[in-house]
> 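Once you've had a glance at the structure underneath, I'll fire off some questions.
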Amino acid sequence: MQKTIYLDYAATTPLREEVKDHMVDLLNGPFGNPSSTHQFGRKSRIIIEECRKFIASSFHCSSSEIVFTSGGTEADNAALLLSVRDLGVERIVLSKIEHHAILHAAEAIQKNYGIELDYVNLHPNGDPNLEHLEELLAKPKKTLVSLMHANNEIGNIIDLQKVSEICRRNNAYFHSDTVQSVGQIPIDLSELDIDFLSVSAHKFYGPKGVGFMYVKNSVKTGALINGGAQERNLRGGTENILGIGGMHKALQLKLENLENENQHLRTLKSYMIEKLNENFGDKVFFNGASGDLDHSLNKILSLSFPTLKNDMLLFTLDLKGIAASGGSACSSGSLQGSHVISALYPDATWPVLRFSFGKDSNLAEIDKVIEVLRDQLG
Ligand code: PLP
């Protein structure tokens, strides 16, 4: 039987074994409604509040600033919508390479609330041009800036400190989508002036359909989901105890292993870059800052072969048992093109391959990818 190779960890990660075991224990554990005041409810409540406390201590913020959500998409939508609906934001400044959870939410909010959208210029490597950001913010309009910490397609990392300082200086709110960076880059909120963050558990070996947002205590908004008083009145509904408990374990293990896993990912990425250069020379092109080890996530390598017109590479890899991506998960398996690559290289007609590594990836898997690419590209 053909061996399968999974190199799409930026799309999602499998549950870590210990997380799975913990979730099975939880399934056999407390079932009470966390809002019930009796002992059954209290036992469930503990699972939720222990997770909240752990997140707060890891990110150096207050427990009351953590709101559980159904994942990154909800947190992204909530940050944008609540800012416009409840904080008087009349304009969102974002970039063309944000995740669709931001881009499409911003467009929908623009349509429904008549706000302005401004896109910050990008440097050729995909980094936002911070001088242009300053220029945009000089316009006196209540603004939310939403710029992702690490890009899910090309891995570019922004300087959260610098962007947050620019936002503060210009009285703008700041949201960052940290879905790809949490568990890869430590985030210390006691040193950063940020209003909202979005996080998703399935990117760090936790369950799908659960995540959280950080909402700074001084930011006061109405409810995202009306109902009970759960989540500081922000998000009504009985909590996802199983997901939250699983996320707690997953985050704990990810943060404990952050350094050694990062080292492992870096070794894999630099090996793959070296092998690609060795085998394909100047035929291979690394998208954005993806080929720059000090400037992008260790887990993401996005590349193209601009002069070669073979647009079947992703399918061929799949046929050979290798799972990679053509961009974000939404375009996995299709060659419709990536909005990130189109924004960076408007004239590009070449397909994109995104390989993303995880804790169980190894050098032999990369050798196999190189072998398949060599067969295809000659
Ligand atoms: N933001 C980024 C940068 C992502 O990579 C993803 C997932 O692909 C999301 C948001 C959406 O997160 P979720 O799948 O938890 O809704």
Side-chain angles (χ1 to χ4, degrees), residues 6-15 19 55 66-81 92 94-108 126-128 146-158 160 163 175-185 187 194 196-214 224-225 235 240 242-244 246-247 250-251 254 287-290 296-302 323-334 338-341 343 352 354-358:
Y6 185 75
L7 290 174
D8 202 11
Y9 285 83
T12 195
T13 57
L15 277 183
V19 174
I55 295 171
I66 303 302
V67 178
F68 294 117
T69 66
S70 64
T73 302
E74 181 185 326
D76 281 349
N77 274 261
L80 270 51
L81 179 70
I92 298 173
L94 65 171
S95 90
K96 293 271 186 195
I97 63 170
E98 297 303 303
H99 191 271
H100 280 144
I102 291 293
L103 291 173
H104 292 167
E107 286 158 15
D127 285 348
S146 180
L147 290 175
M148 69 206 306
H149 191 194
N151 187 278
N152 52 303
E153 294 198 28
I154 50 178
N156 285 44
I157 300 166
I158 67 162
L160 281 185
V163 177
H175 164 256
S176 186
D177 176 329
T178 49
V179 167
Q180 291 290 345
S181 60
V182 163
Q184 310 287 322
I185 307 171
I187 297 175
I194 295 187
F196 303 95
L197 293 182
S198 312
V199 182
S200 176
H202 73 98
K203 307 291 183 181
F204 48 81
Y205 310 99
K208 299 178 192 4
V210 64
F212 63 90
M213 62 192 292
Y214 160 81
L224 174 67
I225 297 178
R235 187 177 189 267
N240 173 7
L242 182 63
I244 292 170
M247 173 164 68
L251 186 61
K254 188 73 194 86
N287 296 306
S290 154
S296 61
L297 289 178
N298 290 320
K299 68 174 174 178
I300 293 181
L301 185 60
S302 170
S325 157
S328 68
C330 326
S331 52
S332 264
S334 89
S338 131
H339 69 280
V340 173
I341 300 302
V352 178
R354 180 190 68 178
F355 296 94
S356 47
F357 316 107

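Side chains are part of it too, since the values below use all heavy atoms of this structure and drop only hydrogens, waters and symmetry mates. Note that ligands are numbered from 1 as they come in the structure, with each ligand's atoms numbered from 1 the same way.
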> Will you find, in the side chains of Ser198 and Asp76, an N or O donor that is under 3.5 Å from an N or O acceptor?
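The criterion, which ignores hydrogens and geometry beyond distance, is satisfied for Asp76 and Ser198.
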> Would you call the rings of Tyr9 and Tyr6 parallel, tilted or perpendicular, where under 30° means parallel and over 60° means perpendicular?
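Answer is perpendicular, since the angle exceeds 60°.
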> Below 4.0 angstrom from a heavy atom of Thr73, which ligand 1 atoms are there? Numbered from 1 as shown, please.
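Matching atoms, with element in brackets: 11 (C), 12 (O), 13 (P), 16 (O).
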> Distance under 4.0 Å to a non-hydrogen atom of Ser200: what atoms of ligand 1 satisfy this?
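With Ser200 as reference, the close atoms of ligand 1 come out as 13 (P), 15 (O).
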> I need the contact type for Asn151 against ligand 1. Using non-hydrogen atoms and a strict under-4.0 Å cut-off, is it side chain, backbone, both or neither?
neither
> Please tell me whether Lys299 and Gln180 have a donor and an acceptor in their side chains that are separated by less than 3.5 angstrom.
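Per modelled atom types, Lys299 and Gln180 side chains form a pair under 3.5 Å.
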> Only heavy atoms of Asp76, strictly under 4.0 Å: list the atoms of ligand 1 that pass.
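Listed by number with element, the hits are 1 (N), 10 (C).
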> Is the shortest N/O to N/O distance between Ser70 and ligand 1 below 3.5 Å?
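N/O-N/O distance under 3.5 Å: no.
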> Heavy atom to atom 1 (N) of ligand 1, shortest distance: which of Asp177, Thr69, Ile102, Val210 holds it?
Asp177
> Looking at ligand 1, does any of its N/O atoms fall within less than 3.5 Å of an N/O of His202?
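For ligand 1, there is an N or O atom that lies under 3.5 Å from one belonging to His202.
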> Indicate whether any N or O donor in one side chain lies under 3.5 Å from an N or O acceptor in the other, for Ser146 and His175.
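Ser146 vs His175: donor-acceptor pair found between side chains.
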> Only one of Leu160, Ile157, Ile187, Ile158 clears side-chain contact (heavy atoms from CB on, under 4.5 Å) with Ser181; which?
Ile187
> Can you confirm whether Lys96 is buried at NZ, in the sense that more than 12 heavy atoms of other residues, nucleotides or ligands lie under 6.0 Å from that atom?
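No - once you tally the heavy atoms of other residues, nucleotides and ligands closer than 6.0 Å, there are 12 at most.
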> Quick check on contacts: which atoms of ligand 1 are under 4.0 angstrom from a heavy atom of Met148?
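Reading through ligand 1 atom by atom, the close ones are 3 (C).
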> Number the atoms of ligand 1 from 1 as they appear, then name those within less than 4.0 Å of a heavy atom of Gly71, with their elements.
15 (O)
> Identify, with sequence neighbours excluded, every residue that meets salt bridge (charged side-chain N to carboxylate O under 4.0 Å, His left out) alongside Lys254.
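Scan of Lys254 (salt bridge (charged side-chain N to carboxylate O under 4.0 Å, His left out), adjacent residues dropped) gives Glu261.
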> Run the contact test for Lys203 against ligand 1 with a 4.0 Å cut-off on heavy atoms, strictly below, and give the result.
yes
> Going by the rule salt bridge (charged side-chain N to carboxylate O under 4.0 Å, His left out), which residues pair with Glu74 if we only count those two or more places apart in sequence or in a different chain?
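If we apply the salt bridge (charged side-chain N to carboxylate O under 4.0 Å, His left out) test to Glu74, skipping adjacent residues, the hits are Arg235.
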> Checking the N or O distance criterion of under 3.5 Å, is ligand 1 in contact with Gly72?
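Min N/O separation from ligand 1 is below 3.5 Å for Gly72.
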